[in-house]
Engineer: 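I have a structure here, written as structure tokens, and I will follow up with some questions on it.
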Amino acid sequence: MLYNLRQELLAGIRAATSDAGYDYEVDQSAIELEDITDEEKGEFSSPISFSIAAAAGAPPVDVAAAIADAHRSNGLPAEVEAVTVEGGHINYHADTTDLADATLSTILRDGSEYGTRTDADPDTILADVSSPNIAKPLHVGHLRNTILSDAVMNILEARGHDVTRDNHLGDWGVQFGNLMHEYTEFGDEATLEDDAIEHLLDLYQQFEQRDSMLADLEDDETVTDQFADAVTEERDYHADSGKEWFTRLEQGDEDATALWERFRTVSIDRFKQTYDDLDVAFDVWNGESFYAQEGWNDVIIEKAIENDVAMRGEGESVYIPVYPDDYENVGDPQAADVDASLDRARQMREANDDLEDADFDPFYIVKSDGSTLYGTRDLATIEYRIEEYDADQSVYVVANEQNQYFQQLFVAARKMGYNDIKLKHIDYGLISLPEGSMSTRKGQIITAREVLDRAQDRAEEIIAEKGRIDDAEAQSVATKIALATIKYEMVAAKRERDTTFDIDESVALEGDTGPYVQYAATRGYSILDGADAAPEIDDLDPSVFNDTDVELLFELARYPLVLERCEERYDAAPLAHYLLQLAHVFNSFYHKNAVLDAENARTERLLLTKATTQIFDNGLGLLGIDVLEEM
RNA sequence: GGGCGCGUAGCUCAGUCCGGACAGAGCGUUCGGCUUCUAACCGAAAUGUCGGGGGUUCGAAUCCCCUCGUGCCCGCCA
């Protein structure tokens, strides 16, 4: 209702401004939603009189009064009771009766659909989500990605779009060649059988640590030349063998493929356990290997050369030049403006002996040894998404350390001629630990498993302390609380922010947490349980509502606006904050007001309670958090 | 050196994109509230040079410039 009212008021202000004799372009920012507790400001307010007054040389109060008068005589929306002018602001006061009636009937009618919308022309959105690398365990960073992705995609679906979640596995690349080398050289069949992921991680870390140690030795000036040469030889032996394995894999070699498939299978089996525990799912698992094995990489390389947007470098290498002025608005199909011509790059290359000095970044799609790299696969993914899905948007939930890479990818994609698709990097901040940043290579990680287990243990402890839940149910309730804790924590900070993940703090169940919201919802259910019959909307008498009731009503009414904001930002944090706020208001509501024993507002407050639990259900549901009847 | 973020209460963070009326929460601190729909709760109090400086504006936490601090990226890895 507030959603429509806002649009109606905007049109009204536009007309009133013009009728009052002012020439001013009224846009969306002219109308603001105010805090319900501030009576003076009303529910919506507009400050446009200040800018008009500044230009017209008249006092803002007079301008505001003139616009308000005009609006009044044109006719205010039915839901608006009065328009007032305070210190130059035009304030619209909603009619509480209408607000109550419209909001409650809408929520109770729409039920689980409340807040969602159907888009007549929905976008087909293909999303890279979760995207762990195989042969490594899931860690806290994957937890943030997976949970944030799930919530954002749920919200985009609620906003009417058609979303396909692609768990874009990192299952291709030279790193797996390295791993095959390490396994054939040092691996152990029995250990692999026993705990595949752990063994593969050990081998991976062994390869990386040896390589970086040898690199340090090479640079060490105190060693003899002869020794340094030996070090280089040793380092190249391993690195070359790894590259060779990957090349064999790309060429479909039987042994390489068999080994790779084995690594991949054990990894996916393990990932699925964690995804099940998190209660998230994906529509497709088109890892990077898919695009390589299905020939999409070749399509890209041919197309790039055919369209004359790529040039050849050393050996077999091929790259797309990216100029510094290509980046602006590159994700937006309407506003992107790239220079696909190779002329500038050719001139720059001639003018500079060294490619490093040229004023463009080469976006490589083929390496000098003829193998592909992640950029090739990402372009292939875009091609595939357009061809197979007719995608309107290709979006990527990937940490912000890859910001620059995605900008380059998008430029390269535009140059390839993918001009009608929206490209969006949904970046999020890195998670660090209290003791410093994480690194899989150094072995400093907290696994997703550890986090889930600790949260579960903590939730079970607290349930035992409260002693309200039967032992039989305690564990499943604890699981839901533990998940609420983790999921809320992972989306509560706005995406862009780096966060420190303190496991002890995030399993605390007080204050600004998922369980706080769950608890409020549970209280709602508990109240509804105490009523003999479900309240009927036809029995609603909005005149009995007091300020506390109206405050809650207002929170309920603005839920759709919150989802709109989430869609705009591709973020779930505004929803998480909203639900927290709703929980606060609802907790105050039932503390201040008796519901079941209300003297003259029992039906009305039951309706409010029912509507509130509905929104907890819907909103927490979008965050992937279950509501509990008891806790 | 270049690029991209971030800097708001002791701590963790909303608000910034689209400038408006006294800058908001949670934790922690102090005080009060469970024979009354679950106290995983509620009420009250204290706490701020919105990193600093300049500019634009009737009006700046919000926009622009400079600066300091901090994180990440700058590989024919992903």
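Just so we're on the same page: letters track the sequence lines, and every chain starts at 1. Only this structure's heavy atoms are used, side chains among them; waters, hydrogens and symmetry mates stay out.
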Engineer: May I ask you to say what A/Asp38 touches in the nucleic acid, namely base, sugar-phosphate or nothing, with a heavy-atom cut-off under 4.0 Å?
Structural biologist: base
Engineer: Classify the nucleic acid contact of A/Asn593 as base, sugar-phosphate or nothing, counting any heavy atom under 4.0 Å across all strands shown.
Structural biologist: base
Engineer: Side chain of A/Arg144, backbone of A/Gly429: donor and acceptor closer than 3.5 Å?
Structural biologist: yes
Engineer: Please determine, by modelled atom types, if A/Tyr204 and A/Asn133 share a side-chain donor-acceptor pair under 3.5 angstrom.
Structural biologist: no
Engineer: Atom CG of A/Leu623 and atom CG of A/Leu483: how far apart are they, to the nearest 0.5 Å?
Structural biologist: 12.5 Å
Engineer: Can you find a donor-acceptor N/O pair under 3.5 angstrom joining the side chain of A/Tyr519 to the base of B/A40?
Structural biologist: no
Engineer: Side-chain donor or acceptor of A/Ser45 under 3.5 Å from a matching atom on the base of B/A21?
Structural biologist: yes
Engineer: Grab the N/O contacts between the protein and nucleotides 14-16 of chain B below 3.5 Å, and write none if there aren't any.
Structural biologist:
from	atom 1	to	atom 2	distance (Å)
B/A14	OP1	A/Lys494	N	2.8
B/A14	OP2	A/Arg497	NH1	2.5
B/G15	OP1	A/Arg569	NH1	3.3
B/U16	OP1	A/Arg565	NH2	3.2
B/U16	OP2	A/Arg565	NH2	3.1
B/U16	OP2	A/Arg569	NH2	3.1
B/U16	O4	A/Lys494	NZ	3.2

Engineer: Any donor-acceptor pair under 3.5 Å joining the side chain of A/Arg523 to the base of B/U38?
Structural biologist: no
Engineer: I'd like to know if A/Gln402 reaches the base of B/C77 with its side chain, counting only an N/O donor and acceptor under 3.5 Å.
Structural biologist: no
Engineer: A/Glu461 and A/Arg458: salt bridge (Lys or Arg N to Asp or Glu O under 4.0 Å), yes or no, with the steps?
Structural biologist: CA-CA 5 Å; A/Glu461 260 171 50; A/Arg458 183 77 186 115; 2.9 Å; yes
Engineer: Determine whether any donor atom in the side chain of A/Ser368 lies under 3.5 Å from an acceptor atom in the base of B/C76, or the reverse, and answer yes or no.
Structural biologist: yes
Engineer: If you look at every strand shown and take non-hydrogen atoms under 4.0 Å, does A/Gln407 touch a base, only sugar-phosphate, or nothing?
Structural biologist: nothing
Engineer: Any protein N or O atoms within reach of nucleotides 42-48 of chain B? Criterion: under 3.5 Å, listing atom names and distances.
Structural biologist:
from	atom 1	to	atom 2	distance (Å)
B/C42	OP1	A/Tyr516	OH	2.5
B/C42	O4'	A/His591	NE2	3.3
B/C42	O3'	A/Ser588	OG	3.4
B/G43	OP1	A/Ser588	OG	2.7

Engineer: Is the centre of the A/Phe263 ring less than 6.0 Å from the centre of the A/Phe176 ring?
Structural biologist: no
Engineer: Is a side-chain donor-acceptor pair under 3.5 Å present for A/Thr513 with A/Glu489?
Structural biologist: no
Engineer: Name the residue closer to the 5' end of RNA chain B, choosing between A/Gln404 and A/Gln581 according to the nucleotide with the nearest heavy atom.
Structural biologist: A/Gln581
Engineer: If you measure only the distance, is there a donor-acceptor pair under 3.5 Å linking the side chains of A/Tyr516 and A/Asn587?
Structural biologist: yes
Engineer: Tell me, please, which residues at least two apart from A/Ser289 pass side chain to side chain contact (heavy atoms under 4.5 Å, CB included).
Structural biologist: A/Asp171, A/Trp172, A/Trp260, A/Arg264, A/Gln293
Engineer: What is the distance, rounded to the nearest whole Å, between atom CG of A/Asn403 and atom P of B/G71?
Structural biologist: 17 Å
